[in-house]
Number of protein chains: 2
Amino acid sequence: MPSRSSRLSDFLPYQMSVSTNAVSDLVAGKYRARFGLKIPEWRVMAVLGDAGALTQRDLVGATRMDKVAVNRACKMLEDRGLAARSPNDRDGRSHHLELTPAGKAMHAEIMPLALSMEQQLFSVLTAQERRDFKAVLARINEQVRKLERLAPQHAPERDN
Amino acid sequence: MPSRSSRLSDFLPYQMSVSTNAVSDLVAGKYRARFGLKIPEWRVMAVLGDAGALTQRDLVGATRMDKVAVNRACKMLEDRGLAARSPNDRDGRSHHLELTPAGKAMHAEIMPLALSMEQQLFSVLTAQERRDFKAVLARINEQVRKLERLAPQHAPERDN
DNA sequence: GCCAAATGGTTGCAACAGGAACCATTTTGT
DNA sequence: ACAAAATGGTTCCTGTTGCAACCATTTGGC
């Protein structure tokens, strides 16, 4: 019976971290085992499969990941023949990324698995609880952004 | 207006990850800026300050961190004179860790800051919503453990 | 009491993540 | 039209993390 009275375990950021890491590890494990994909790669595939051809910049916006992470994920998907780049005639610096047939096939396998995992994980919650939970997460996000604006840790932070 | 219809943004594990990372980064930034502590170090300090002398093994249980992470955090705290080890006469392999006076002083500064950050972050939630949120996190945790038991990714997992 | 197994802790190593610096191209200001 | 700034993408480097192997001590079986 560890840590009866420790306040750490009451600290909400800590609880969020513990739960989220548990979920992430579980999900990451399944994706790695079944498809050899890491989370960043999976996220890019999910977005590409559902939005069509995008630039890396678009992917940064859609996945909330660092542009370096996006770049690496894209390169990996390309190397494995799951995505392909075509030149962007409107801007010579970037390319359009799109799933190949192989990529689309994998995407078609991947999304149902995601749905079923989500179902299994959150089957302990009612539909209403799930909605509320999501809404709370969104509000927390908002609040973080607001606080960051007030106390800029790392320079005013342009939206690069 | 990025990613209108992308299902990734509806995926609950993704939303948890985004929100939690936002919170963690904010918290980590403040602790680093004010005290030069990283999250693992902060967690160890929080537990030691509130539970007294513990072994590293105890800390692993109380913080849910890897034993290597705990070890490194302890070493850092020791090097900075915030914690000290005393021999454990009941077991020659381990030591008791305890905050030094300097460590206690820092702990006394740290905890109010933690409380105030928690307050600021979650001021957008009512007390009831906070309770519900915590309860949901706990239930999700439970569910993850249950699923892990059913599909052991990485060997039956002894409780080391 | 002794050997084997288990346990607490430590170290080494390899994977990962994120920031800063960088190149190529495009946009802006004049 | 040109120089300066900005932008998309890429590479390099650094710090962090987590696992596996390891040492020392303790525990359990005989």
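Just so we're on the same page: letters track the sequence lines, and every chain starts at 1.
Distance B/Arg43 CZ to D/dT17 P: 10 Å, rounded to the nearest Å. Atom C1' of nucleotide C/dG9 and atom NE2 of B/His95 are separated by 8 Å, given to the nearest angstrom. A straight line from CE of A/Met65 to C1' of D/dG9 spans 15 Å, rounded to a whole angstrom. Nucleotide D/dT7 holds its P atom 17 Å from the CG atom of A/Asn88, rounded to whole Å. Atom CG in B/Asp25 sits roughly 14 Å away from atom P in D/dT16 (whole-Å rounding). Atom P of nucleotide D/dG8 and atom CG of A/Asp89 are separated by 17 Å, given to the nearest angstrom. As rounded to whole Å, 14 Å separates atom C1' of D/dT17 from atom CE of B/Met76. For B/Asp58 and C/dG8, the CG to P distance is 9 Å, given to the nearest whole Å.
Taking 4.0 angstrom as the limit, B/Arg93 places none of its side-chain polar atoms (N or O) nearer than this to OP1 or OP2 of C/dG9. Close to D/dT7, at under 4.0 Å from its OP1 or OP2, lies no side-chain N or O of A/Gln56. Dashed line: the shortest gap from a side-chain N or O of B/Arg85 to OP1 or OP2 of C/dT10 is under 4.0 Å. Of the side-chain N and O atoms in A/Asn71, none sit less than 4.0 angstrom from OP1 or OP2 of D/dG9.
For A/Asp91, the listed nucleotide lying nearest its side chain is C/dT25; candidates were C/dT25, C/dT7, D/dT11. Of the candidate nucleotides D/dA6, C/dT7, C/dT11, C/dT11 has the atom lying nearest to any side-chain atom of B/Lys75.
Remark: side-chain polar atoms of B/Gln56 are not paired, donor with acceptor, to backbone N or O of B/Val70 under 3.5 angstrom.
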Are B/Asp132 and A/Asp132 close enough, and set up right, to give a side-chain contact (heavy atoms from CB on, under 4.5 Å), and what steps lead you there? CA-CA 9 Å; B/Asp132 291 347; A/Asp132 291 348; over 6 Å; no

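Residue A/Arg90 is out of contact with every strand shown, counting any heavy-atom pair closer than 4.0 Å.
B/Trp42 and B/Leu113 fall within a single hydrophobic cluster, where Ile, Leu, Val, Met, Phe, Trp and Tyr are joined by side-chain heavy atoms under 4.5 Å apart, directly or via other members.
Using a 3.5 Å distance cut-off with no hydrogens or angles, the side chains of A/Ser24 and A/Asn21 do not pair a donor with an acceptor. Counting only N and O atoms by type, the side chains of B/Arg43 and A/Ser17 include a donor and acceptor under 3.5 Å apart.
For the pair B/Glu109 and B/Arg34, the salt-bridge criterion is not met [side-chain N within less than 4.0 Å of a carboxylate O].
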Filtered N/O pairs between nucleotides 16-23 of chain C and protein, under 3.5 Å:
unit_1	atom_1	unit_2	atom_2	d
C/dG18	N7	A/Arg72	NH2	2.9
C/dG19	OP2	A/Asp66	OD2	3.4

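The NZ atom of A/Lys75 lies 9.5 Å from the CD atom of A/Glu78; values are rounded to the nearest 0.5 Å.
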